[in-house]
Number of protein chains: 2
Amino acid sequence: MTTSIQINLKHQSYLREPEATELGRKIVSESINLIDGLGFEDFTFKKLAAEIGSTEASVYRYFENKHRLLVYLVSWYWAWLHYLVIFQTQNIADPRERLARAIEVITKAGEADDPAVAHIDERVLHRVVVAESSKVYHTKEVDAENKAGFFLELKHFCHYLALLVLEINPAFPYPHALMSTMLEAAHQQLFFAQHLPSLTDVQAERYTETVDFLKQMVFAAIDQHLNYR
Amino acid sequence: MTTSIQINLKHQSYLREPEATELGRKIVSESINLIDGLGFEDFTFKKLAAEIGSTEASVYRYFENKHRLLVYLVSWYWAWLHYLVIFQTQNIADPRERLARAIEVITKAGEADDPAVAHIDERVLHRVVVAESSKVYHTKEVDAENKAGFFLELKHFCHYLALLVLEINPAFPYPHALMSTMLEAAHQQLFFAQHLPSLTDVQAERYTETVDFLKQMVFAAIDQHLNYR
DNA sequence: ACTTTTTTGATAGTAATACTATTATACATG
DNA sequence: CATGTATAATAGTATTACTATCAAAAAAGT
């Protein structure tokens, strides 16, 4: 079943809305492939322009610089994933099961074979996010960019999950910390499994193991504070 | 009590051993301050050379590029922290208490007021590592650099902690994953507390809260698999 | 259908970055 | 005293990360 959605970001990581024009959409879709192929450091607007048959100057009309473009892509990813989680858990009544399903969806986002937006390959985007997303906030401009709302999508998603945690156990003292740790770990463990296997026990490509690890960690922490049991 | 140690890295992230000369030590110590002040992206060898009254070309004789220098600094940090943890837990018999102490030492590394090496300010280095360390392996060259042994110090430290976990509970299936998650989270939560507070529940500067969160998460996970209880 | 505005492409140019190369001098070692 | 090694000084290059200008093409308004 193919769903069609439109994701609009609240902040201005972009100069012009890239979803609005053909060139804008090409910039977004091709930058995902290029960053995936070259890595963010070697990715340049010049190479991107060449790839889409346009010019450097034209790309600069959409995004102030490549960092802002990455912020846009990562924000888009979080908004998409948030949507996906809500969609995939809407029929689950039990909050514990809903969180369990959420962890599955988050970890297996790289396997998504149901493209929600025509010009964006979510599987490639997932690889890009796993490899590069920490760079969006590890800069000297974090505080300014945070003020500008550049990290709202992640923050909202984290808060949504934290509320789920509190539904399961209202006494748990660290719901946001646990969920941000889980979100980061979901990416890290996949990355480690592929590139630094001695930092993990899960196998590359075996998403199920990562899901199992994350579920155990999360639910053990949450349950520890329950009175019953 | 002041301890004096020498940390030597096994791999060649450097061209010349920087500990061996005055210029080498100046490069290391001043680069830590500069990266802390400017952020890694704006840090250049030219600025560093100006700061220490030397030249760009001279700095290039010690490190191939600024990425390698960061690898060196981060590796040095992990080796130092590993030493610190062993030192601070050597008199603790119970593995559970030893792990608890390790988590404290790791989280509070930024408060260390006992400089182990004269020309390195561990508190500033800790800030640099919190903010920049993920960049050492999030590059297109991870696999090659991993082969070259650039991440050995982190891997060894993680393995050391994983063995501790297994001492507590030999049946725990994800000791490395749990410890790498904990190590990353220790940095992340400090960073979030300072820059993206809505992603955490701990307060900035309140290392004790982060320690508490990490301990709860780690021990809950480990204990879940114990037969007794 | 015609005008106006907006968007793009083409081209050029600049300051900074990330280096490499060369040579002279200082410095330490044997 | 000779020799090797480390450093400083200087110069130079390719690439990056932009900014500016202008004309052509496309879209929108009337």
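Residue numbering restarts at 1 for every chain, and letters A, B, ... go by the order of the sequence lines. Predicted model, so just to flag it, every value in this text is computed and none were measured.
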Task: Per-nucleotide protein contact string for nucleotides 12-30 of chain C (B base, S sugar-phosphate only, - none; heavy atom under 4.0 Å) - done: -----SBBBB---------

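Rounded to whole angstrom, the span from the CD atom of Glu22(A) across to the P atom of dA25(D) amounts to 19 Å. The nearest whole Å value for the distance from the CD atom in Glu17(B) to the C1' atom in dA6(D) is 15 Å. Atom CG of Leu48(A) is separated from atom P of dT8(C) by 14 Å (rounded to the nearest Å). Leu69(A) places its CG atom 14 Å from the C1' atom of dA17(D), with the value rounded to the nearest Å. When rounded to the nearest whole Å, the span between CG of Leu23(B) and C1' of dA6(D) equals 9 Å. One can place CD1 of Ile27(A) at 13 Å from P of dT7(C), the figure rounded to the nearest angstrom. Rounded to whole Å, the distance from OH on Tyr14(B) to P on dA6(D) is 14 Å. What separates CD1 of Ile52(A) from C1' of dT8(C) is a distance of 11 Å, to the nearest Å.
Between the side chains of Gln188(B) and Ser180(A), no donor-acceptor pair of N or O atoms lies under 3.5 Å. There is a side-chain donor-acceptor pair under 3.5 Å between Tyr174(B) and Asp212(A).
Remark: Glu64(B) engages Arg68(B) in a salt bridge, criterion side-chain N to carboxylate O under 4.0 Å. Using a 4.0 Å cut-off between charged side-chain N and carboxylate O, Glu104(B) and Arg101(B) make a salt bridge.
Distances were taken from every side-chain heavy atom of Tyr62(A) (C-beta onward) to each of dA9(D), dT7(D), dT8(C); the shortest belongs to dT8(C). Side chain of Arg16(A), nearest nucleotide from dT7(D), dT8(C), dA8(D): dT8(C).
At a threshold of 4.5 Å between non-hydrogen side-chain atoms, the residues Asp201(B) and Phe213(B) do not count as touching.
In this pair, Phe157(B) and Trp78(B) present their aromatic rings tilted. The plane angle is within the 30 to 60° band.
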For residues 123-133 of chain A, dump all side-chain donor-acceptor pairs below 3.5 Å to protein atoms at least two apart in sequence or in another chain.
unit_1, atom_1, unit_2, atom_2, d
Arg127(A), NE, Asp36(A), OD1, 3.1
Arg127(A), NE, Asp36(A), OD2, 3.4
Arg127(A), NH2, Asp36(A), OD2, 2.7
Glu132(A), OE1, Lys135(A), NZ, 2.4
Glu132(A), OE2, Phe40(A), N, 3.2
Ser133(A), OG, Val129(A), O, 2.9

Open item on the list: Give the dot-bracket line for DNA chain C from 5' end to 3' end: parentheses for intra-strand Watson-Crick or G-U pairs under 3.5 Å, square brackets for crossings, | for inter-strand pairing, dots for unpaired.
Closed with: ||||||||||||||||||||||||||||||

TODO: Applying side chain to side chain donor-acceptor pair (under 3.5 Å), run through Thr21(B) and Tyr62(B) and close with a yes or a no.
DONE: CA-CA 10 Å; Thr21(B) 66; Tyr62(B) 282 84; 2.5 Å; yes

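Taking 4.0 angstrom as the limit, Ser54(B) places none of its side-chain polar atoms (N or O) nearer than this to OP1 or OP2 of dT7(D).
Tested against His82(B), the residues Trp76(B), Tyr160(B), Phe87(B) include a single ring pair (Phe, Tyr, Trp, His ring centres under 6.0 Å) partner, Tyr160(B).
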